[in-house]
Protein chains: 2
Amino acid sequence: MTEADQIGESALTSLRRILRVVDTHSRELARTASLTASRLVVLKILANGPTTAGTIAERAGISQTTVTLLLNKLEAMALVRRQRSEDDRRRVWVELTPQGRAAIDKAPDLLQDVFLQRFRKLPSWEQHGIAASLSRITYLLDADALDAAPLLDVGPIDRAAT
Amino acid sequence: MTEADQIGESALTSLRRILRVVDTHSRELARTASLTASRLVVLKILANGPTTAGTIAERAGISQTTVTLLLNKLEAMALVRRQRSEDDRRRVWVELTPQGRAAIDKAPDLLQDVFLQRFRKLPSWEQHGIAASLSRITYLLDADALDAAPLLDVGPIDRAAT
DNA sequence: TAATAATGCTTTGTAAAGCAAAGTAAATAT
DNA sequence: ATATTTACTTTGCTTTACAAAGCATTATTA
């Protein structure tokens with residue numbers, strides 16, 4: 001094993017740990033705030049103003065089916081309101097209710113807040129370093145490359161080599 | 001919004017994107033390799049040698065109940081074999097079958113592989129930078145540290161500096 | 001030794017996320 | 001007028017995950 005591999009492994013270990021913390025956190029969120037992570041995602045998308053189910057699906061990166069189900073729950077919780085569009089009666093506008101807005105405030109993404117709070121206290125050079133590394137990693141894991149390629153095929157990797 | 005907050009936001013965006021890719025990938029893995037991420041995790045733990053269900057739960061950070069369920073599936077797929085312990089008949093040893101071992105080889109964590117392959121090609125300074133940033137982030141998100149931690153403890157960084 | 005407690009795992013019941021496929025209704029194109 | 005497309009919902013299924021209860025088995029203690 002080369003040195004690069006060792007560093008890579010330790011990077012991966014960190015990455016796994018990060019994933020794990022995020023995961024744990026979202027379960028915690030579900031337990032305490034009775035708002036699961038994906039429902040919160042939907043609410044936050046709606047915080048930018050009313051929109052349609054399809055748009056939510058697209059922005060959240062999940063299927064329309066799932067969005068419908070999430071909306072059903074959120075509507076049952078009275079956090080969200082549906083309304084058929086007047087001009088195009090196929091479409092359904094979704095908007096936050098006042099309670100929905102309150103729910104977002106009451107159940108903020110704490111993990112994110114903690115992150116930002118601490119991040120803010122780091123020296124500037126380190127902030128830049130972290131941001132740069134993260135954006136580099138998104139490249140290392142590039143979604144497009146993965147989507148395009150058959151997963152069990154090794155081909156596409158070279159394309160992004162260099 | 002301060003500059004630090006802007007950088008922090010962009011870091012968070014990257015982080016979200018990373019999480020998203022990992023998520024997508026694991027669903028993809030499930031579809032193509034008929035081995036879901038969590039099952040693969042269990043198999044990989046078993047790759048270090050036979051162990052008990054409780055230990056697997058601990059190492060994977062999931063409940064024993066869940067481990068039992070996963071083992072049921074894996075056993076049904078003949079990737080894993082259970083055997084009551086002789087000395088303590090409450091315990092159940094779990095080990096990989098040859099098929100199980102083959103499954104691990106056939107369905108490697110490709111995301112990880114892609115990451116490592118690309119990572120290896122980065123200049124050394126960048127490798128170190130990324131590894132350091134990641135380890136720093138685990139601190140920024142650390143669940144434990146949430147209660148106690150001295151926020152400006154610089155300790156871990158120096159180690160990976162240079 | 002017999003009753004009690006602790007341990008290790010499984011079962012059962014519950015809830016969420018998520019998708020594909022089929023279905024419905026409305027708008028658009030032919 | 002008919003066919004196609006679009007937008008959303010319903011249905012049925014799978015997986016993950018946990019808590020609570022249950023079942024053996026071992027250890028402890030009276």
Side-chain angles (χ1 to χ4, degrees), chain A residues 19-20 22-43 50-77 79-95 107, chain B residues 19-20 22-43 50-77 79-95 107:
Chain A
L19 295 173
R20 175 82 180 288
V22 170
D23 202 55
T24 303
H25 171 265
S26 93
R27 211 162 295 131
E28 192 71 14
L29 180 73
R31 251 203 17 242
T32 58
S34 64
L35 246 194
T36 64
S38 52
R39 288 179 198 178
L40 191 52
V41 167
V42 171
L43 288 185
T51 185
T52 64
T55 309
I56 294 173
E58 194 184 331
R59 292 206 197 144
I62 55 184
S63 73
Q64 220 173 42
T65 305
T66 305
V67 170
T68 293
L69 291 178
L70 290 172
L71 287 179
N72 289 347
K73 305 275 181 165
L74 289 171
E75 197 176 29
M77 296 167 80
L79 302 181
V80 136
R81 189 166 31 224
R82 272 163 163 142
Q83 195 171 4
R84 280 228 108 82
S85 165
E86 286 304 317
D87 19 326
D88 182 343
R89 300 192 39 75
R90 290 171 305 179
R91 318 187 83 202
V92 172
W93 288 97
V94 188
E95 63 177 351
Chain B
L19 295 174
R20 174 84 179 288
V22 169
D23 202 54
T24 303
H25 171 263
S26 94
R27 208 162 297 131
E28 193 70 14
L29 180 72
R31 251 204 18 242
T32 56
S34 65
L35 247 194
T36 63
S38 52
R39 290 181 196 175
L40 191 52
V41 167
V42 171
L43 287 185
T51 185
T52 64
T55 309
I56 295 172
E58 195 183 331
R59 292 206 196 143
I62 54 182
S63 73
Q64 218 173 45
T65 305
T66 305
V67 169
T68 294
L69 291 177
L70 292 172
L71 288 178
N72 289 347
K73 303 277 180 166
L74 289 171
E75 197 176 29
M77 296 167 81
L79 302 181
V80 136
R81 189 164 33 222
R82 272 160 161 143
Q83 195 171 5
R84 280 227 109 80
S85 165
E86 286 303 320
D87 18 327
D88 182 342
R89 299 192 38 74
R90 288 170 305 182
R91 319 186 83 202
V92 173
W93 288 96
V94 188
E95 63 177 351

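Here is how names work: the chains are called A, B, and so on, in the same order as the sequence lines, proteins then strands, and each is numbered from 1.
Scanning all heavy atoms of the two residues, the minimum distance from B:Thr68 to B:Arg82 falls at O-NH2, 3.5 Å. Closest approach of A:Leu71 to A:Ala53, counting heavy atoms only: CD1-CB, 4.2 Å. When all heavy atoms of B:Trp93 and B:Pro50 are compared, the closest pair comes out as CZ3-O, 3.8 Å. When all heavy atoms of A:Arg89 and A:Glu86 are compared, the pair lying nearest together is CG-O, 3.7 Å. In this structure, A:Met77 and A:Arg39 approach most closely via the heavy-atom pair SD-NH1, 3.8 Å.
Going from atom CG of A:Leu40 over to atom CG of A:Leu79 covers 10.5 Å, rounded to the nearest 0.5 Å.
Inter-residue side-chain proximity for A:Leu70 and A:Ile62 is flagged as met; some heavy-atom pair is nearer than 4.5 Å.
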When you compare the protein's N or O atoms with those of nucleotides 23-29 of chain D, which come within less than 3.5 Å of each other, and at what distance?
from, atom 1, to, atom 2, distance (Å)
D:dT26, OP1, B:Arg89, N, 3.0

Atom pairs under 3.5 Å: protein N/O with N/O of nucleotides 18-22 of chain C:
from, atom 1, to, atom 2, distance (Å)
C:dC19, OP2, A:Ser63, N, 2.9
C:dC19, OP2, A:Ser63, OG, 2.8
C:dC19, OP2, A:Thr66, OG1, 2.9
C:dA21, N6, A:Thr65, OG1, 3.4

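Remark: B:Thr65 pairs with B:Ser63 by the side-chain contact (heavy atoms from CB on, under 4.5 Å) rule, at least two apart or across chains. Applying the side-chain contact (heavy atoms from CB on, under 4.5 Å) criterion to A:Leu69, with sequence neighbours excluded, gives A:Asn72. Remark: A:Thr52 pairs with A:Thr55 by the side chain to side chain donor-acceptor pair (under 3.5 Å) rule, at least two apart or across chains.
Note: CE (A:Met77) to C1' (C:dA15) measures 13 Å, nearest angstrom. Taking atom CD of A:Glu58 as the reference point, atom P of D:dC8 lies 11 Å away to the nearest angstrom. Straight-line distance from the CG atom of B:Asn72 to the P atom of C:dT11: 6 Å, rounded to whole Å. Rounded to whole Å, the distance from CH2 on B:Trp93 to P on C:dG8 is 12 Å. Atom-to-atom, CG of B:Leu71 to C1' of D:dT16 comes out at 14 Å; the value is rounded to the nearest Å. Distance CD1 (B:Ile56) to P (C:dG8): 14 Å, rounded to an integer number of Å.
Comparing atom distances between the A:Arg91 side chain and each of C:dA17, D:dC8, C:dC9 picks out D:dC8 as nearest. When distances are taken from the side chain of B:Arg39 to each of D:dT9, D:dT15, C:dA17, the shortest belongs to D:dT15.
Remark: A:Glu95 CD is packed, more than 12 non-hydrogen atoms of other residues, nucleotides or ligands lying under 6.0 Å away.
Rounded to 10°, the angle separating the first-five-pair axis and the last-five-pair axis of the helix from C:dT1-D:dA30 to C:dT30-D:dA1 equals 10°.
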